[in-house]
Amino acid sequence: MVTVRRISLWFLSTVAVVTLLFGYHTSTSGPAPVVTQAVAPAGGSTVTGAVAQTRWGPVQVRLTLADGKISAVDVVQYPDGNNRDREINDDALPVLVQETISAQSADVDMVSGATVTSTGYVQSLQSALDQAGLS
Amino acid sequence: MGMPISLALRGRHAGDAHGDAAWAAALEVLRAADRTFSTYRADSVISRMNRGVPVDTPPEVADVLAIGAAAERSSGGAFALRRDGVLDPSGVVKGWAAERAAVALAALPDTDFCLSAGGDITCRTGDPAAAPWRIGIEDPRDPTRIVAVVPIRTGAVATSGTAHRGAHIVDARTGRAPGGLASVTVVGRSLTAVDVDATAAFALGADGERWLTTRGHRAAFVVRTDGTTGTL
């Protein structure tokens, strides 16, 4: 089944909400089939953030700028969603403790933690924002 | 810097305009909560209350303050709505707002969702035979790793701890960072309830595990400061 993901950075106390939108098969091999963008492209210059490692694989974000504002956000590199290298029993509800495993290699949909999640997205987007002088 | 809001959808409306509209509606609920509750916005209701400006208390503010007051009582004062005398309900707002935001997603027919607001997660799976969502629990000693997986179809998962952002939770009884637990994860039906109780249990420190067993949640998972883990 195709899972479609949407990532938004909730910039507290600012009006800027940048939405990344992409989808991929979570359980099939091969490259992700869908890359879409949340905002229509409007020309202008582009900056590309560094590749960031996420729990789902590498992510790279490109911003399109027009008149100093973000007009588009594209995910130019995205995970294929199939980097499970260790089987985990799905039936052991509700909590299954494994030996510590790398978040990148774990087949999980979301991560719950005391830190913010989706760090890689933030890092990649942040680096693009930094290059654009927008942060 | 803000908090990432992540959504995964699967099913009928995962990739269509209805799904997009529900996502937009969910984000608007979060923005509205920020406008009302943020202590970083001078014009929020909470900031005005802290300045002593008379305000008509919106019902959602009364809700949040009531939830926080109940957590203060149930945790014996380890959880607090005020810090240094300043009203700061952020220990309640994140889970509460995300649970409200998920209402728009739950209205999508034949569509499963998993919504994360800064690591606090609420999800639904319509078909009880479908694969559960898989929630990784971050290792508090190394946020690039996970220590457990919670397979869950419908419910909520919240984790509190000190990783990365430093000791942002204090035991309000002492004013100091609690000891004993590195992180607390609570699994249950309501994100508001599990988020508040994860924070309260973490603030209780060494008393947190015993306290959690009295709270009636579906499950809980702790990582202790000595590196051992426990499932409650």
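With a 4.5 Å cut-off on non-hydrogen atoms, A130(B) does not touch chain A at all. The contact between S160(B) and chain A is made entirely by backbone atoms, counting heavy-atom distances below 4.5 Å.
Residues E138(B) and S112(A) fail the side-chain proximity criterion, which asks for heavy atoms closer than 4.5 Å.
In this structure, CE in M110(A) is found 6.0 Å from OG in S116(B), a value given to the nearest 0.5 Å.
By the neighbour-count criterion of 12 heavy atoms within 6.0 Å, atom CZ of R189(B) is sparsely surrounded, having that number or fewer from other residues, nucleotides or ligands.
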